[in-house]
Engineer: 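To start, I am sharing the structure in question, which I have written as structure tokens.
Computation of the quantities below employed the complete heavy-atom set of this structure, encompassing side-chain atoms and omitting hydrogens, waters and symmetry-equivalent molecules.
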Amino acid sequence: MRAARGAVGILILCLVSAAALDFRYHHSEELEQYLKGVHATYPALTHLHSIGRSVEGRDLWVLVLGRFPTHHKIGIPEFKYVANMHGDETVGREILLHLIDLLVTSYGRDPVITRLLNNTRIHIMPTMNPDGFEATKVPDCYYTRGRYNKNGEDLNRNFPDAFENNSASIQPETRAVMDWIKNETFVLSANLHGGALVASYTFDNGNPVTGSLKGYSRSPDDDVFIHLARTYSSNHASMYKGTGCDNRQTFPEGITNGYSWYQLEGGMQDYNYVWGQCFEITLELSCCKYPPAEQLEKFWRDNKVALIEYIKQVHLGVKGQVTDKNGNPIPNAIVEAKGRPHVCPYRTNEQGEYFLLLLPGTYVINATVPGFKSMLKTVEIPDNTGNFSALKQDFSFPEVSDQIRSKVASCPKIPLYQELARASAAVKPTVNILVVMTAMLVIFK
């Protein structure tokens with residue numbers, strides 16, 4: 001009886017902690033209690049796990065939400081939100097807790113949220129830098145040492161860089177996120193910051209190959225990134241106005257190319273795109289990095305619609321499986337849209353799946369199993385975000401058997417675009433950049 005009463009007490013505590021989310025700052029113990037309470041209250045809809053620990057040993061908690069929260073399900077794309085990478089940039093940390101609350105309490109009641117969770121696996125990391133948050137004793141709108149982790153490292157300058165060698169020692173928090181990206185099939189992501197009001201997109205770094213001489217570093221999917229940034233900005237209460245935080249800094253439509261704003265080496269969004277096959281943008285959500293708690297409710301209202309609309313974009317484009325003659329999945333096959341080669345080719349996962357974010361239009365999709373003839377298929381891609389499913393296009397290679405598997409051509413964590421620039425300089429200036437990129441892809445294979 002005593003054990004039963006104890007269990008009931010724990011359940012009541014969990015129910016209270018899940019229901020009693022208020023608009024204030026939640027420190028590490030409270031944040032952990034809240035996440036555990038949500039999971040205890042909604043065990044079929046959520047999965048709570050730590051992807052690693054900070055320098056000071058704090059868990060890096062991730063709450064996964066969806067119809068299949070514990071594992072990847074074929075055809076269902078993976079999405080993530082990460083906040084509080086800079087410990088003193090705090091708004092994202094709190095609004096992600098309120099996003100969790102909205103998702104779990106609306107499931108089965110709100111048809112849009114229900115369909116979103118039935119067709120998307122959503123990963124939410126409220127804080128990537130818990131040590132920095134706890135170290136920020138006096139909130140400040142502009143700068144504190146809490147920006148950095150316990151070792152004094154800026155985590156958004158700590159990832160391998162595609163344009164130049166990053167000499168920074170990879171931190172435990174960074175390594176945990178890199179491993180997380182490697183172990184999941186993330187398709188779309190956003191990284192929540194503070195100190196400005198703008199949606200910033202890849203690339204953050206650049207060189208002449210990506211157009212840096214013109215003050216803009218363009219990715220092969222620049223149109224998609226512009227759409228993603230606009231999606232968030234246009235659904236935000238004021239970001240779309242582009243007024244920025246003072247008269248000196250304006251952002252038309254509330255968006256900017258990262259490099260055009262300022263050059264950044266070792267950033268997380270470029271790493272996601274190049275090595276994670278995941279489109280990530282950076283969301284700057286508040287002019288004041290650590291605003292008073294009384295303003296948190298307004299920040300939630302300002303971002304609520306945008307947070308949901310942005311998640312829907314994970315269903316843009318085309319998805320499918322690459323299989324052999326027996327219907328078995330082929331991992332590590334290269335699948336890309338013609339004219340959009342990635343410097344690190346996008347490959348199928350262990351289930352032979354691929355996901356390509358593309359705007360509505362006509363595309364030629366090229367599937368390649370090394371050692372075999374490529375397969376091309378022309379597709380007409382509609383806007384399926386409202387249907388919560390990208391266009392499905394499978395590829396079957398009849399000459400490939402289950403005894404033959406695509407060999408993994410690992411993409412090295414080196415400045416790939418630096419190598420590309422060197423290759424570009426070695427050929428005639430009039431050669432089309434796509435030809436140069438194709439040559440580089442052959443080298444890395």
Engineer: Side chain to side chain donor-acceptor pair (under 3.5 Å) with Gln418: which residues, sequence neighbours excluded?
Structural biologist: Arg422
Engineer: Could you check whether the rings of Phe225 and Phe279 sit parallel, tilted or perpendicular, using 30° and 60° as the cut-offs?
Structural biologist: parallel
Engineer: List in chain and number order the residues that pass ring pair (Phe, Tyr, Trp, His ring centres under 6.0 Å) with His72, two or more places apart in sequence or in another chain; answer none if no residue qualifies.
Structural biologist: none
Engineer: So, Thr385 and Asp383: side-chain donor and acceptor under 3.5 Å apart, yes or no?
Structural biologist: yes
Engineer: Should Arg121 and Glu184 count as an ion pair when the cut-off is N to O under 4.0 Å?
Structural biologist: yes
Engineer: Does Phe23 offer a backbone N or O that forms a donor-acceptor pair with the side chain of Glu94 under 3.5 Å?
Structural biologist: no
Engineer: Who passes salt bridge (charged side-chain N to carboxylate O under 4.0 Å, His left out) against Glu265, sequence neighbours left out?
Structural biologist: none
Engineer: Within 45 degrees of the axis of the six-membered ring of Phe186 and under 6.0 Å from its centre: does Lys80 put its NZ or CZ there?
Structural biologist: yes
Engineer: Could you list the residues that satisfy ring pair (Phe, Tyr, Trp, His ring centres under 6.0 Å) with Tyr310, not counting sequence neighbours?
Structural biologist: Phe79
Engineer: Give a yes or no on whether the ring-centroid distance for Tyr417 and Phe163 is below 6.0 angstrom.
Structural biologist: yes
Engineer: Just do the disulfide (SG to SG under 2.5 Å) check on Cys245 and Cys287 with the steps written out, would you?
Structural biologist: CA-CA 6 Å; Cys245 294; Cys287 294; 2.0 Å; yes
Engineer: Can you sort out the partners of Lys413 under salt bridge (charged side-chain N to carboxylate O under 4.0 Å, His left out), two or more places apart, ordered by chain and number?
Structural biologist: none
Engineer: Under a 4.0 Å N-O cut-off, is there an ion pair linking Glu30 with Arg24?
Structural biologist: yes
Engineer: How are the rings of His236 and Tyr232 set relative to one another: parallel (under 30°), tilted (30 to 60°) or perpendicular (over 60°)?
Structural biologist: tilted
Engineer: Got a sec, which residues hit ring pair (Phe, Tyr, Trp, His ring centres under 6.0 Å) with His193, two or more places apart in sequence or on another chain?
Structural biologist: His86
Engineer: Would you mind checking if Glu89 and Arg147 are paired as a salt bridge, meaning a charged N to carboxylate O distance below 4.0 Å?
Structural biologist: yes
